[in-house]
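Below is one structure, written out as structure tokens, with a few remarks after it.
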Amino acid sequence: MKSSWIVKIACSVLVIGMVCLLYIQAGKVVIEEKVLTKREIDQELRGVWVSTVVNLDYPVTATTSAEQLKYQADTILEDVDESGFNAVFLQVRPCSDAFYKSAFYPWSSFLTGQQGAAPDSEFDPLAYWVEKAHERNIELHAWLNPYRIARNQNEWDGLAEASPARQHPDWVIQYGAGYYFDPALPEVRQLVIDGALEIVQNYEVDGIHLDDYFYPGSNFNDINSYNKYGKDFPDIGDWRRDNVNTLVKSLDEKLHEADPEIEFGISPTGVWASDYMNPEGSATISDYSSYYVLFADSREWVREGWVDYLVPQLYWASGDEWADFTVLLEWWTEVFKEADRDDVELFIGLADYKTVEEGSEAGSPWYGGRELAAQMEAGKENAKVGGTIHFRYRFTADSPDIQRVLKDAYPDREQEESAE
């Protein structure tokens, strides 16, 4: 009797062991069969911005044609893939609008030609971009502009009645020729958060991305909001920075509550502050400062871990008298070293457009793509830099010099293509 129980126990242990072994083996099979994204294979971010404002990249002209919008998206993604990029940052909200079906923002006039007019056949551009990018194992990040409504009077006059700016004119402040939401208002902050959450909840995007536009300038006419909300801040600049910080922190929290795997990042202007403005700033003389002009304390976001990555736009050549690329890269590297965080990555925003616009003369540092190539190499050699994002698609696709630089920088892409 006792021996029979021993046999039964032994058999049970053997069965359990076999199940565990099979489970482990199955786990191995799953891991081995997991399709890696190109970014995982490359072990660095190789990104490109695709701009939609004023039809810079997509679509080339506004249209309601679903077939034309699909064709252009396919063409861009094919070019992106062949160029060696592994992530696309698609501008889906250039001016308080949407390149997808939204409950908060009207369809973009840059998409269909008239704000509020939808593409035909119930076509959703963002859904298509996500699907087709992922088919190529390319990441798709949704790029948003949080506060800009209209860049001029014509755009303002063309706003749809459903625009949140039309519905809430008390949220709007005119600055120069443009119109912007007031960053101080809790209602505006909630609108931006709701719009970002809507994307994460309805689309399989890999990230939410903001660019460098926050406050449009220091003469922003927000004195009424300051009098109402700024009592704890003797300095209006500190109050404005706190407004932006509150948005950034809230986006970080809410987005990761909705999707813990989502990437949230920002690409601020490359000069946080020149050292003549602030002794902690960079050894530059540029007066276009993230901290003092746009009221965006990008350094603080890194220190606090409110973003998953930061992409300073280092749009100057090495040796530039106003803002030296090498100086700025070193400054940002030190920011990340001092922050000592494993949860925030540093990428570099590169000015491919200067290779085209300023690189025709042999005396230019941008001539023949040599400055771009040197900056990409500097990023690879810097242990803190996890990759680059290139501004912008049309320049990368149309310039033989840039294509040559990319081919030299991403030689492994040809090996991957030949193996497919």
Evaluate W143 against D211 for side-chain hydrogen bond (donor to acceptor under 3.5 Å, both in side chains), listing each step before the verdict. CA-CA 7 Å; W143 164 17; D211 59 22; 3.0 Å; yes

Flag side-chain contact, heavy atom, 4.5 Å: [X] against [Y]:
X: L329; Y: I348; value: yes
X: L159; Y: I149; value: yes
X: L350; Y: Y315; value: no
X: L310; Y: S298; value: yes

Between [X] and [Y], is there a side-chain N and carboxylate O pair less than 4.0 Å apart?
X: D81; Y: K38; result: yes
X: D401; Y: R404; result: yes
X: E82; Y: K407; result: no
X: R341; Y: E304; result: no

Side chain of [X], backbone of [Y]: donor and acceptor closer than 3.5 Å?
X: Q174; Y: G176; value: yes
X: Q375; Y: W316; value: yes
X: N55; Y: F110; value: yes
X: Q153; Y: A177; value: no
X: S250; Y: T246; value: yes
X: T112; Y: A117; value: yes
X: D97; Y: W107; value: no
X: S51; Y: V53; value: no
X: D206; Y: L140; value: yes
X: S290; Y: A296; value: yes

Do [X] and [Y] get their side chains close enough for a donor-acceptor pair, meaning under 3.5 Å?
X: D74; Y: Y128; result: yes
X: S108; Y: Q115; result: no
X: Y100; Y: N202; result: no
X: Y292; Y: N278; result: yes
X: S225; Y: D182; result: yes
X: S83; Y: T396; result: no
X: N382; Y: T333; result: yes

Given the ring of Y213, does R148 sit roughly above its face, with NZ or CZ under 6.0 Å from the centre of the six-membered ring and within 45° of the axis? yes

Are [X] and [Y] close enough that their ring centers fall under 6.0 Å?
X: W239; Y: Y226; value: yes
X: W156; Y: Y179; value: yes
X: W129; Y: Y58; value: yes
X: F85; Y: H390; value: yes

Check the pair Y410 / M376 against side chain to side chain contact (heavy atoms under 4.5 Å, CB included), numbers first and verdict last. CA-CA 10 Å; Y410 305 147; M376 292 181 72; 3.4 Å; yes

Could you grab the distance from atom [atom1] of [X] to atom [atom2] of [Y], nearest 0.5 Å is fine?
X: R93; Y: F104; atom1: CZ; atom2: CZ; answer: 9.5 Å
X: L45; Y: D42; atom1: CG; atom2: CG; answer: 9.5 Å
X: I199; Y: I262; atom1: CD1; atom2: CD1; answer: 9.5 Å
X: D324; Y: S282; atom1: CG; atom2: OG; answer: 10.0 Å
X: L251; Y: I208; atom1: CG; atom2: CD1; answer: 8.5 Å
X: L36; Y: N137; atom1: CG; atom2: CG; answer: 8.5 Å

Run the side chain to side chain contact (heavy atoms under 4.5 Å, CB included) test on Y105 and S163 for me, step by step, so that the C-alpha distance in whole Å, both residues' side-chain angles and the decisive distance to 0.1 Å come before the verdict. CA-CA 6 Å; Y105 297 92; S163 167; over 6 Å; no

Closest non-hydrogen atom pair between [X] and [Y], with its separation:
X: V344; Y: V307; answer: CG2-O, 3.2 Å
X: Y175; Y: S218; answer: OH-N, 4.1 Å
X: W49; Y: V311; answer: CH2-CG1, 4.2 Å
X: S286; Y: A323; answer: CB-CB, 4.4 Å

Is there any salt bridge (Lys or Arg N to Asp or Glu O under 4.0 Å) pair reaching into [range], and which pairs are they, with sequence neighbours excluded?
range: residues 186-204; value: none
range: residues 227-246; value: D222-R240, D235-R241, D238-R241
range: residues 268-293; value: E280-R299
range: residues 371-386; value: E44-K380

Return the orientation label for the [X] and [Y] ring planes: parallel under 30°, perpendicular over 60°, tilted otherwise.
X: Y309; Y: H141; value: perpendicular
X: F214; Y: Y147; value: perpendicular
X: F391; Y: Y353; value: perpendicular

Any ring-ring contact (aromatic ring centres under 6.0 Å, His included) pairs touching residues 248-277, not counting sequence neighbours? W272-Y291, W272-W331

Can you tell me if CD on Q167 sees more than 12 non-hydrogen neighbours from other groups inside 6.0 Å? yes

Please table the atom pairs, donor to acceptor, closer than 3.5 Å between any side-chain atom in residues 355-368 and protein atoms at least two apart or in another chain.
from : atom 1 : to   : atom 2 : distance (Å)
S364 : OG     : E358 : O      : 2.7
S364 : OG     : W366 : N      : 3.1

Test ring-ring contact (aromatic ring centres under 6.0 Å, His included) applied to F220 and Y215, step by step: CA-CA 7 Å; F220 196 65; Y215 279 87; 5.5 Å; yes

Yes or no on side-chain hydrogen bond (donor to acceptor under 3.5 Å, both in side chains) for T284 and S274, after CA distance, side-chain angles and deciding distance? CA-CA 5 Å; T284 52; S274 292; 2.8 Å; yes

Applying side-chain hydrogen bond (donor to acceptor under 3.5 Å, both in side chains), run through Y393 and D79 and close with a yes or a no. CA-CA 9 Å; Y393 162 71; D79 288 344; 2.5 Å; yes

